[in-house]
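Convention: sequence-line order gives letters A, B, ...; per-chain numbering from 1.
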Protein chains: 2
Amino acid sequence: MAKDVVAGAARQRRRRTRQGEVLSHELIVRTALRMLAEHGAQGLTARRLGLALGADPSALYRYFAGMDALVLAIADELTGRALAGWTSTGDWRQDLRTLGLRIHRAYLSHPQAAVLTASRVSGGPHVLTVDETVLSILHRAGFRDRDLARHYHVFIDSCLAFAALDAASLALPPAALAADERMWRTTYAALPSDTHPRIAETAPLLAARMTDSAYPDVLDTLIDRAAAELAAPATVPTGAGPVPMEKAPAGRRTRRGGLRPEPPGGPAHPEGGSA
Amino acid sequence: MAKDVVAGAARQRRRRTRQGEVLSHELIVRTALRMLAEHGAQGLTARRLGLALGADPSALYRYFAGMDALVLAIADELTGRALAGWTSTGDWRQDLRTLGLRIHRAYLSHPQAAVLTASRVSGGPHVLTVDETVLSILHRAGFRDRDLARHYHVFIDSCLAFAALDAASLALPPAALAADERMWRTTYAALPSDTHPRIAETAPLLAARMTDSAYPDVLDTLIDRAAAELAAPATVPTGAGPVPMEKAPAGRRTRRGGLRPEPPGGPAHPEGGSA
DNA sequence: CAGCTTATGCCAACGCCATTGACCTAAGAC
DNA sequence: GTCTTAGGTCAATGGCGTTGGCATAAGCTG
């Protein structure tokens, strides 16, 4: 098998599975999203997905090169849902705010999927559309060139970063989530005030706040800053520009000697990036 | 087994493994970090860790309740490294900035570990120290109560969110990372300007910027906003407060019928959080 | 030093997992 | 009706985390 891996979108022979289902890319992605919602991030396995589809797990490999390719397809689907039905109001601040919150919410509505995909750049069609939209909003606001790129960068990375962070906590199994919330009320609140005075006195307020997302607050702050720059172009940010990230310290073992070709969390972008 | 799970820090009998090694919490965490650096996030498995330690994989369960507890210990270790050697300058803005960048950098220095841990709240001792430190810096700056909690929330979540996001791209296998960078120069730059005009004209600038981290820029913006609030206390953020995150839509299957007690992404905080 | 307790390491096994090669069969082209 | 082959199924491989049972040596007590 796995000769062609993924035939074109228009499949030729719609054969039925033993249980009478007719598979398709779309059906598989939708079912995967449903399973993620029902069983959590660990609930998405080829075996269970096959079960839910009424098909043998190996049938999935006729549609996706592997679980990783499926995850990328899910990511683009989520991005598409974020933008669905949105229309510009003409007010760039409101547009940016709405878009940011929409993307954030779309990811949080499927936290288990978001955890897997928020930090991936799929280059898929829906992602490209969002990028173009954000850039055009900023452009209409009056930003150009370096400033345009800077604000876009800050906007999109903040949105994805918080989506990933917030989704991760939502994606925790309920028991762990409860333990987390309890920790703010017990562990932190119980710290002796001679060793941790600030935590001791602030713990109740933190307990009330830390389980919410800080993203809306951050988003507003970033938009305010952008607006302030428009009003007074001389106002450049305090620090220097972006800081280059250094590469990971050590080399990775090349795929030999017992390592699977590329395990579950995987190869990332195996299909390169065709728009 | 697994009666006591994790004996106290001072273990009683330092028995040697068959290969003559003497295990300890510290040795295990350090070895795990080394494995993460060498083999990537998927390279950290109980079996391989046992191999690297010269011990049976099951010996790990005398020290950690499971792989999940080990991951939390790694997170605390990273946090500790971020704070090591830091001293306050007395200038709250500079202190916050340095701390934020330090934590961010500490995580990025072990991207594979950061990916696994950035979104986890370990409640470990080093994390508590950082929390107390940040709160005390903000307190000395003049923030109290709700404002104190709000700025702390924004600060720490931004830091961790960007650490997770940036680490995720650094953690990509080199081939995928290269493909990512190439995409900004090729795919995005090659988009026709009639369908994606803004992307087309901004692509070169984006290519130069998107591979860096937006965190320093965001951090400075957040600190500036905090300072502005101090100067003019009436200035409340534009939007409302934090937005409550909704829980995952559907209930999870309780641990019956084939689900492992709690799979890899797991139980979280099994050791509660004693400082 | 002898003897006891038990902490801690090892072994073998369980039930998951993704993935693949070999096969079979029905869908669609002619 | 016949043929080709896409798209199913089956069975197997080698990984994984985790656990129960067992053996043994470390360190205490005398």
Side-chain angles (χ1 to χ4, degrees), chain A residues 1-8 10-25 27-28 39 41-51 53-71 255 257-267 270, chain B residues 1-8 10-25 28 39 41-51 53-71 255-267 270:
Chain A
M1 72 149 32
K3 309 170 157 191
D4 42 13
V5 177
V6 184
R11 299 181 84 76
Q12 308 185 351
R13 306 185 183 179
R14 319 317 315 272
R15 194 166 164 178
R16 288 177 173 276
T17 71
R18 166 152 306 199
Q19 304 178 38
E21 306 295 332
V22 176
L23 301 182
S24 67
H25 281 86
L27 176 64
I28 294 174
H39 305 313
Q42 287 80 30
L44 182 65
T45 72
R47 291 174 131 78
R48 279 211 272 247
L49 185 50
L51 199 66
L53 285 166
D56 189 272
S58 62
L60 301 174
Y61 293 83
R62 301 275 183 211
Y63 293 82
F64 298 95
M67 292 301 284
D68 191 71
L70 172 59
V71 160
R255 56 198 55 177
L259 264 190
R260 270 184 295 173
E262 205 50 84
Chain B
M1 71 151 30
K3 310 169 155 191
D4 41 13
V5 176
V6 184
R11 296 183 87 75
Q12 308 184 349
R13 307 185 181 179
R14 320 317 314 274
R15 195 165 165 176
R16 288 177 172 277
T17 73
R18 167 152 305 196
Q19 302 178 40
E21 307 294 332
V22 175
L23 301 182
S24 68
H25 280 88
I28 294 174
H39 306 313
Q42 288 80 28
L44 182 66
T45 71
R47 290 174 135 81
R48 277 212 275 248
L49 185 51
L51 199 67
L53 284 165
D56 189 272
S58 63
L60 300 175
Y61 292 83
R62 301 281 182 201
Y63 293 83
F64 298 94
M67 291 302 286
D68 190 72
L70 172 58
V71 162
R255 57 198 55 177
R256 293 195 148 272
L259 262 192
R260 271 184 294 172
E262 207 48 84

Fill in: Side chain of Ser58(A) (C-beta onward), nearest among dA18(C), dC16(D), dG21(C)
dG21(C)
Discussion item. Measuring from the side chain of Arg62(A) (C-beta onward, heavy atoms only), which nucleotide among dG7(D), dG9(C), dT18(D) has the closest atom?
Written reply: dG7(D)
Establish whether the base of [N] is bridged to the side chain of [X] by a donor-acceptor pair shorter than 3.5 Å.
X        : N       : value
Arg16(B) : dG9(C)  : no
Arg15(A) : dT25(C) : yes
Thr45(A) : dC16(C) : no
Arg18(B) : dG9(C)  : no
Arg47(A) : dA18(C) : yes

Fill in: dG9(C) OP1/OP2 closer than 4.0 Å to side-chain N/O of Thr17(B)
no
Worksheet item: For dG7(D), does either OP1 or OP2 sit under 4.0 Å from a side-chain N or O belonging to Tyr63(A)?
Response: no
Filtered N/O pairs between nucleotides 1-5 of chain C and protein, under 3.5 Å:
residue : atom : partner  : partner atom : Å
dT5(C)  : O2   : Arg13(B) : NH2          : 3.0

What is the distance from [atom1] of [X] to [atom2] of [N], rounded to the nearest Å?
X        : N       : atom1 : atom2 : value
Leu23(B) : dA25(D) : CG    : C1'   : 15 Å
Arg14(B) : dG27(D) : CZ    : C1'   : 13 Å
Leu44(B) : dT18(D) : CG    : P     : 11 Å
Glu21(A) : dT9(D)  : CD    : P     : 11 Å
Ile28(B) : dG9(C)  : CD1   : C1'   : 12 Å
Gln42(B) : dC17(C) : CD    : P     : 18 Å
Gln19(A) : dG7(D)  : CD    : C1'   : 16 Å
Asp56(B) : dA12(C) : CG    : P     : 10 Å

Worksheet item: Any side-chain heavy atom of Leu60(B) sitting closer than 4.5 Å to one from Leu70(B)?
Response: no
Practice prompt. Over all heavy atoms of both residues, which pair between Gly54(A) and Thr17(A) is shortest? Give the atoms and the distance, please.
Written response: O-OG1, 2.7 Å
Worksheet, complete the sentence: Minimal heavy-atom distance between Tyr63(B) and His25(B), with the atoms involved, is O-NE2, 3.0 Å
Worksheet item: How far does CG of Asp56(B) sit from CZ of Arg62(B), to the nearest 0.5 angstrom?
Response: 10.5 Å
Response to the item:
Residues at least two apart in sequence or cross-chain that pass side chain to side chain contact (heavy atoms under 4.5 Å, CB included) with Arg18(A), listed by chain then number, are none
Worksheet item: Which residues pass the side chain to side chain contact (heavy atoms under 4.5 Å, CB included) test with Thr45(B), sequence neighbours left out?
Response: Arg47(B), Arg48(B)
Fill in: Backbone of Leu23(A) reached by a side-chain donor or acceptor of Arg14(A) within 3.5 Å
yes
